[in-house]
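This report refers to the structure that appears directly beneath it.
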Number of protein chains: 2
Amino acid sequence: MDTAAEAVRRRGYNGVSLDQIARDVGIQKSSIFYHFSSKSELIAVIFRRFSAQIFSFLDHTAGNESRAGDRLMAYIIETGSFVEEGESICMSIALNIDRESLQAEIVDDLVTFHQTNLAWLTDTFELGLKDGSIADIGNPEEEANACLALVDGAQLVARAHRDSKLYDQATLLLRSRISVSNPD
Amino acid sequence: MDTAAEAVRRRGYNGVSLDQIARDVGIQKSSIFYHFSSKSELIAVIFRRFSAQIFSFLDHTAGNESRAGDRLMAYIIETGSFVEEGESICMSIALNIDRESLQAEIVDDLVTFHQTNLAWLTDTFELGLKDGSIADIGNPEEEANACLALVDGAQLVARAHRDSKLYDQATLLLRSRISVSNPD
DNA sequence: GTCTATAATCCGATAGAC
DNA sequence: GTCTATCGGATTATAGAC
């Protein structure tokens, strides 16, 4: 499943073959069908696992970080980790491109994933309005939408040039609005 | 070629088949090979055509609009036109996802396309520093990188929810920094 | 320049031995 | 639970008639 997840993030749904995944793992592709009934199901399972990991991260961050600036900074760093060496992107982006090849169930999960991220970011910017840890906040919902677009697009830019530093550069202006706490 | 271009923007390189393109056009798929030697060549040609159109737009805009704010606004609107009804995206994004399935030549063209856009945006923000038509500019190169990431990501967000209005919302904060001229 | 027909390959999926 | 073998379908590409 780890191998399949990485393959999807690097080559998209239509770009991966079960044969290639099986070869990377060191088994025969027919063995995959003992664990998953179809390619669709395999992708559905790994996306739900990925989605659950991110939701867990969001809950954990909201529970542990009391300041909006710290929450947002953790989000930007976490999302940047998907870029790796500029060869990969977040799975939801990769699957969204190949959306028309996916079954309706996974497409619904993709929408839910996006909406959950947007709602979390909106809450974060609303908190930022109160605690002042993020500068120049306009409408929280608009900020959340722009922030999600920025971190997604920053992954694309970094991948386009195979350089993870471009993710950091593209998000620099957003990060400069954050006054992080210094817990000692 | 128009049909092929739209198909790539909606389904990605690996998601389109020559048979489907031929059926949409109303010919047989074998007829495609009279005009193009391979699927790779077809995609290379339509991307170069797309790339030339955008480069022409950049030149035209820089020549006709003297204010940085007007140039940037035109760029944001032009890029937003790729979203259509939330079903499509810019061809460079779609091809960049399926990069590992493409021949090296097209990948080079993709990098050139991205760099040209970045350079144009950097020039625009440098002009904006001088003429004051864009507010709160930090480093022009960082602004360009963040701007490109934002408009690319805004297309993804709009497509994720099949709603072109989300592109407008995600770019609203950037557009609010622009003081457009009112030519009368 | 487009057609029919078909070759060659790849892929998802199944059957059955071990 | 993994293997070998294979089916059936889709896809890229070619050959040759018109």
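Lettering follows sequence order; numbering is per chain, from 1.
- Screening residues 150-170 of chain B for side chain to side chain donor-acceptor pair (under 3.5 Å), with sequence neighbours left out, gives A:Asn145-B:Gln169, B:Glu87-B:Arg162.
- A heavy atom closer than 4.0 Å to some atom of DNA chain C occurs in no member of residues 92-109 of chain B.
- For A:Ile27 and D:dC3, the CD1 to P distance is 6 Å, given to the nearest whole Å.
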Using distance only, find each side-chain donor-acceptor pair of residues 118-129 of chain A under 3.5 Å and give its atom names and separation, not counting sequence neighbours.
{"unit_1": "A:Trp120", "atom_1": "NE1", "unit_2": "A:Leu58", "atom_2": "O", "d": "3.1"}
{"unit_1": "A:Thr122", "atom_1": "OG1", "unit_2": "A:Leu118", "atom_2": "O", "d": "2.8"}
{"unit_1": "A:Thr124", "atom_1": "OG1", "unit_2": "A:Trp120", "atom_2": "O", "d": "2.9"}

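- One finds no side-chain N or O of A:Tyr34 lying less than 4.0 angstrom from the OP1 or OP2 phosphate oxygen of D:dT2.
- Every residue meeting the salt bridge (Lys or Arg N to Asp or Glu O under 4.0 Å) condition with B:Arg49, not counting sequence neighbours, appears here in chain and number order: B:Asp2.
- Under the side chain to side chain contact (heavy atoms under 4.5 Å, CB included) criterion, A:Ser17 pairs with A:Asp19, A:Gln20, not counting sequence neighbours.
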Name each donor-acceptor pair under 3.5 Å that joins a side chain in residues 69-76 of chain B to protein atoms two or more places apart or in another chain, with its distance.
{"unit_1": "B:Asp70", "atom_1": "OD1", "unit_2": "B:Ser181", "atom_2": "N", "d": "3.3"}
{"unit_1": "B:Asp70", "atom_1": "OD1", "unit_2": "B:Ser181", "atom_2": "OG", "d": "3.4"}
{"unit_1": "B:Asp70", "atom_1": "OD2", "unit_2": "B:Ser181", "atom_2": "OG", "d": "2.6"}
{"unit_1": "B:Arg71", "atom_1": "NE", "unit_2": "B:Glu65", "atom_2": "O", "d": "2.6"}
{"unit_1": "B:Arg71", "atom_1": "NH2", "unit_2": "B:Ala62", "atom_2": "O", "d": "3.1"}
{"unit_1": "B:Arg71", "atom_1": "NH2", "unit_2": "B:Glu65", "atom_2": "O", "d": "3.2"}
{"unit_1": "B:Tyr75", "atom_1": "OH", "unit_2": "B:Asn117", "atom_2": "OD1", "d": "2.8"}

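- Straight-line distance from the NE2 atom of B:His35 to the P atom of D:dA13: 16 Å, rounded to whole Å.
- In this structure B:Ser31 satisfies the side chain to side chain contact (heavy atoms under 4.5 Å, CB included) test together with B:Ile27, B:Gln28, sequence neighbours excluded.
- In terms of phosphate contacts, B:Ser31 brings a side-chain nitrogen or oxygen within less than 4.0 Å of OP1 or OP2 of C:dC3.
- In this structure, the CD atom of B:Gln20 is 11 Å from the P atom of D:dT12, given to the nearest Å.
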- Message: Between B:Ile32 and B:Val25, does the side-chain contact (heavy atoms from CB on, under 4.5 Å) criterion hold? Intermediate values first, please.
- Response: CA-CA 10 Å; B:Ile32 295 176; B:Val25 175; over 6 Å; no

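- With sequence neighbours excluded, the residues forming a side chain to side chain contact (heavy atoms under 4.5 Å, CB included) with A:Ser133 are A:Arg67, A:Ala68, A:Asp131, A:Ser179, listed by chain and number.
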- Task: Sugar-phosphate atoms are those with a prime plus P, OP1 and OP2; base atoms are the rest. Using that split, label each nucleotide of nucleotides 7-18 of chain C B, S or - for protein heavy atoms under 4.0 Å, 5' to 3'.
- Result: ----SBBB----

